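For reference, the structure is listed below as structure tokens.
Quick caveat, the model's predicted, so the values are computed rather than measured. Protein chains get the first letters and strands the later ones, always in sequence-line order, with residue 1 at the start of each.
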Amino acid sequence: MGTQFGKGCHLHLIDGSAFIFRAYHALPPLTRKSDGLPIGAVSGFCNMLHRYVEGNSGPDAPTHVAVIFDKGSHTFRNDLYDQYKANREAMPEDLRPQIPLTRKATEAFNIACKELEGYEADDIIATLSCQARDAGGRVTIISSDKDLMQLVGDGVEMLDAMKNKRIDVDGVREKFGVGPDRVVDVQALAGDSVDNVPGAPGIGIKTAALLINEFGSLEALLDRADEIKQPKRRETLIEKRDQIELSKRLVQLDCNTPLDFTLDDLEVKDPDPETLLGFLAEMEFRTLTRRIADALGAEAPVITDAPADVPDAPGSTAPEWPAIDASKYECVRDMDRLRDWIARATDKGWVAVDTETTGLNEMRADLVGVCLSIDPGAACYIPLTHKAGGADDLFGSDDLAEGQIPLNDALDALKPLLEDPAVMKIGQNMKYDAKVLRRYGIDVAPIDDTMLMSYAMHGGEHSHGMDFLSEKYLGHQPIPIKELLGTGKSQITFERVPIDDAVKYAAEDADVTLRLWHLFKPQLHKAHVTRVYEGLERPLVPVLTRMEMAGIKVDRDTLSRMSNAFAQKMAGLESEIHELAGEAFNVGSPAQLGDILFDKMGLEGGKRGKNGKYSTGADILEDLATEHELPRRVLDWRQLSKLKSTYTDALQDHINPDTGRVHTSYSIAGANTGRLASTDPNLQNIPVRSEEGRRIREAFVAEPGKVLVSLDYSQIELRILAHIADIEALKQAFREGQDIHAATASEMFGVPLDEMTPDVRRQAKAINFGVIYGISGFGLARNLRIPRAEAQGFIDRYFERFPGIKTYMEETTAFAQKHNRVETLFGRVIHTPEINAKGPRAGFAKRAAINAPIQGTAADIIRRAMVRMDDAIAGLPAKMLLQVHDELLFEVEEGAVDDLIAAARDVMQGAAEPVVKLDVPLIVDAGKGANWAEAH
DNA sequence: CCTGTCACG
DNA sequence: GACGTACGTGACAGGG
């Protein structure tokens with residue numbers, strides 16, 4: 001052992017990605033029994049590794065071995081050619097979570113596992129092959145990928161593990177018609193549809209080989225292309241020379257990848273039975289565990305058959321868990337202890353993580369401490385930047401408290417753990433912690449999030465905050481943060497909390513989170529929401545993290561000027577209003593306004609709300625406006641007041657001084673239907689409907705040299721309704737690209753499309769939206785300002801023309817009444833706990849139940865688009881900034897606008913597939929401009 | 001802290 | 001027959 005790689009050595013290089021895909025496609029979609037984790041590909045992968053190891057006896061056995069994986073979707077080839085591998089299908093959603101597990105499997109077999117950001121596995125294989133060959137050793141590449149055939153020769157061979165067929169120089173010649181040294185020339189000409197390498201159109205492998213053999217090399221061929229007799233072929237070679245040369249650079253493997261290890265690190269090692277069997281048992285591979293235990297002469301660990309017994313009732317925790325006891329948590333104050341925790345977490349494969357900070361704004365808050373928890377009851381707090389002097393120290397020293405690991409030392413130690421692909425990081429609302437840590441240079445991954453698990457399983461049932469979940473599912477009330485920080489004016493920040501108190505609070509949070517994870521993880525499967533969680537909730541965390549941290553540039557001067565203009569106009573309106581009223585009062589007070597309108601002025605139609613005050617909503621003032629001038633003035637004043645206070649004033653306070661941009665925060669688990677919600681500030685309700693309001697969007701601008709691009713789904717909810725309720729007439733109208741509201745009106749009222757009046761169309765539009773909302777005669781009447789009976793007549797006629805809609809509404813409410821939930825097309829569950837209630841609440845629940853699958857499916861679709869978007873635009877100088885339910889807003893360099901629109905539109909229009917094949921096309925409209933008003 | 005109002009999809 | 005209703009959000013101001 002320990003000899004240097006050289007003559008007599010034999011290196012095996014396994015193409016890990018090929019193994020994974022083979023395993024995935026060869027096996028049915030197996031899941032782990034206890035929790036439903038998809039596991040088919042990992043199982044096949046382990047079987048293949050095992051078979052490989054078993055077959056490695058004899059004189060030809062390798063002395064060195066490594067499994068090589070791809071890493072990152074963007075490589076230097078994408079820089080050469082942005083369409084490289086662009087038509088690759090997205091990774092199946094149930095495969096993605098298995099990828100890190102195959103790395104872990106490789107390590108469990110004690111085989112070196114190598115990858116390099118920005119490089120394909122093929123390049124690493126090429127580099128190692130060259131190194132091994134130059135050192136005088138032999139190489140076997142275990143793969144059947146033709147892209148690797150250029151490496152064969154001089155002691156380098158390939159082995160197709162499936163067919164157990166060796167590929168040597170003759171094998172390559174058989175496949176390509178040329179020797180390995182000319183394989184890239186042939187590939188450059190023939191191209192590759194799988195990797196989207198263009199090549200020379202009309203020339204395949206056969207012709208390419210013929211030409212290369214005739215001219216000797218690609219360069220000679222291109223230089224002497226005019227000698228070719230066939231005119232078509234000659235022209236192609238001359239015209240497409242650039243494209244062919246680019247293709248060669250794409251297929252040419254890089255033998256000089258910067259590796260951070262040497263061949264000697266790849267020496268064959270025997271597996272450690274305990275590690276390997278432990279991993280296999282954790283995966284619950286019964287047969288394979290037994291087989292390998294036999295082969296190793298070790299005892300097979302017991303894998304229980306029963307799924308983990310998970311209590312659903314509050315307070316009934318698993319019996320082996322210790323009680324939650326805040327006095328038992330460790331305070332980590334030196335590097336030795338920290339390293340110990342990190343080692344234990346790495347070994348375990350998962351760790352609950354919670355950060356403590358100076359505030360709730362992730363873009364501004366500073367890190368104060370980090371907590372880890374590995375087992376129920378085993379949690380620690382690592383204080384980092386607590387200040388000396390307690391909460392009652394009025395002058396609060398700025399010196400750091402004693403006994404804390406220097407921040408940078410701790411972060412350096414934590415970074416490998418938090419970024420380790422083989423260790424699951426568990427959090428409650430992990431986006432918060434990920435954003436904070438991202439500002440300290442740490443990219444937390446992979447992650448699980450108990451808040452999102454609860455959301456996937458219990459959406460609509462209850463909230464998903466940690467305190468609530470702990471109380472309900474663990475029967476434990478965590479220490480309220482108020483006890484540490486106080487409230488109101490005397491509130492302190494976490495850095496002022498004495499470390500001893502902080503340990504109890506913070507470590508408890510990590511402990512609770514870990515316990516919730518243990519409870520929830522196996523339940524996802526039973527609740528049939530694994531796909532939803534894995535595909536629609538969890539992957540959004542890194543996407544939103546990037547969007548929120550990018551922020552959007554907002555021009556303060558524009559807002560400030562508008563504020564002043566609004567203030568002036570409001571002052572003018574206010575004095576007019578006072579004049580009309582005959583006295584001064586607070587226009588902004590609905591109570592005072594009501595008294596003026598209905599008591600003092602004696603206008604008709606005063607309705608008192610439940611607090612005994614007159615109602616003065618916009619619809620009421622609108623009605624009064626025909627009788628008196630004052631209500632119109634109030635309406636105008638209110639509009640300006642809204643625009644000023646909520647937008648032109650408040651938005652300025654949200655401009656981050658460090659970035660000059662506004663960073664919203666999206667809550668993933670905020671809305672019942674699966675929609676996102678935007679807070680601090682809400683950038684999903686920036687005015688657009690009124691001309692005056694829309695101008696606020698002029699303050700949302702692109703950086704110099706860049707453009708804002710907006711893409712939005714056209715009528716997505718109506719399209720989904722047409723699909724779900726299966727309304728042929730609507731589907732047809734969408735397929736033909738008709739104006740859907742006009743088509744509806746035509747169908748309902750028998751008016752030909754070319755005779756349609758705006759008013760009839762408007763009514764049909766109101767009905768279409770009403771249907772999505774769970775239509776009622778009252779609601780439609782109010783919206784259209786028509787008598788209730790007339791509205792009911794419209795609805796009746798609508799149902800007559802589109803009976804499928806009525807059926808959908810009835811079936812959906814019946815389903816909800818029976819199951820207490822409804823579902824989207826993608827399996828998102830929305831609970832409807834009020835559906836069987838008595839009284840008006842049932843009506844609310846019914847309409848919500850009708851609306852939820854439609855709104856929710858639309859929400860799922862744009863979530864899918866967002867999850868795929870990063871990969872789709874990876875090669876472009878563009879960033880996704882905002883989501884507004886059916887719209888995505890990007891900031892992109894001017895030159896790349898068209899490319900971005902094409903790429904993003906593709907993703908959005910195809911976002912339902914392959915899980916759902918809609919009967920209607922999804923159409924995405926695009927706009928661009930220097931600001932959001934122009935782009936939208 | 002709750003309510004009314006109003007901005008968005 | 002009466003009851004109150006279009007679906008989903010978040011922010012701000014007023015008023016107790």
Base, sugar-phosphate, or nothing: which does P840(A) touch, judged by heavy atoms less than 4.0 Å apart? nothing
Go through dG10(C), dG15(C), dA11(C) for me and flag the one nearest to the T646(A) side chain. dA11(C)
Answer yes or no: does a side-chain N or O of T679(A) lie under 4.0 Å from OP1 or OP2 of dT9(C)? no
Just checking A781(A): base, sugar-phosphate only, or nothing, at a heavy-atom cut-off of under 4.0 Å? nothing
Answer with base, sugar-phosphate or nothing: what part of the nucleic acid does L676(A) contact at a heavy-atom distance below 4.0 Å? nothing
Any carboxylate oxygen within less than 4.0 angstrom of a Lys/Arg side-chain nitrogen, looking at E800(A) and R797(A)? no
Separation of dC6(B) P from W637(A) CH2 (nearest whole Å): 11 Å
Under 4.0 Å, heavy atoms only, any strand: does Q639(A) hit a base, just the sugar-phosphate, or nothing? sugar-phosphate
Looking at the side chain of T673(A), which of dG10(C), dG15(C), dG8(C) is the nearest nucleotide? dG8(C)
Mind checking R841(A) for me? I need base, sugar-phosphate or nothing, with any heavy atom below 4.0 Å counting as a touch. nothing
Check: F802(A) ring centre within less than 6.0 Å of Y798(A) ring centre: yes
Which one, dT9(C), dG9(B), dC12(C), comes nearest to the side chain of S645(A)? dC12(C)
Flag, side chain of D680(A) to backbone of T664(A), donor-acceptor distance under 3.5 Å: no
Report yes if at least one side-chain N or O of R847(A) is closer than 4.0 Å to OP1 or OP2 of dC7(C); otherwise report no. yes
For A650(A), which contact category applies under a 4.0 Å heavy-atom criterion: base, sugar-phosphate, or nothing? sugar-phosphate
For a quick check of understanding: with a heavy-atom distance under 4.0 Å over all strands, which category does R638(A) fall into, base, sugar-phosphate or nothing? sugar-phosphate
Under 4.0 Å, heavy atoms only, any strand: does F844(A) hit a base, just the sugar-phosphate, or nothing? sugar-phosphate
Cationic N near anionic O, under 4.0 Å, R828(A) to E537(A): yes
What contact category does E717(A) fall into here, base, sugar-phosphate, or nothing, at under 4.0 angstrom with non-hydrogen atoms? nothing
dA7(B), dG14(C), dC7(C): which one has an atom nearest the side-chain heavy atoms of K642(A)? dA7(B)
Using a 3.5 Å cut-off on both pairing distances, which stems of three or more Watson-Crick or G-U pairs include DNA chain C? B:1-9 with C:7-15
Sugar-phosphate, base or nothing in reach of S641(A), heavy atoms under 4.0 Å: nothing
With heavy atoms under 4.0 Å as the rule, sort G774(A) into base, sugar-phosphate or nothing. nothing
Is it true that F749(A) and F794(A) have ring centroids separated by less than 6.0 Å? yes
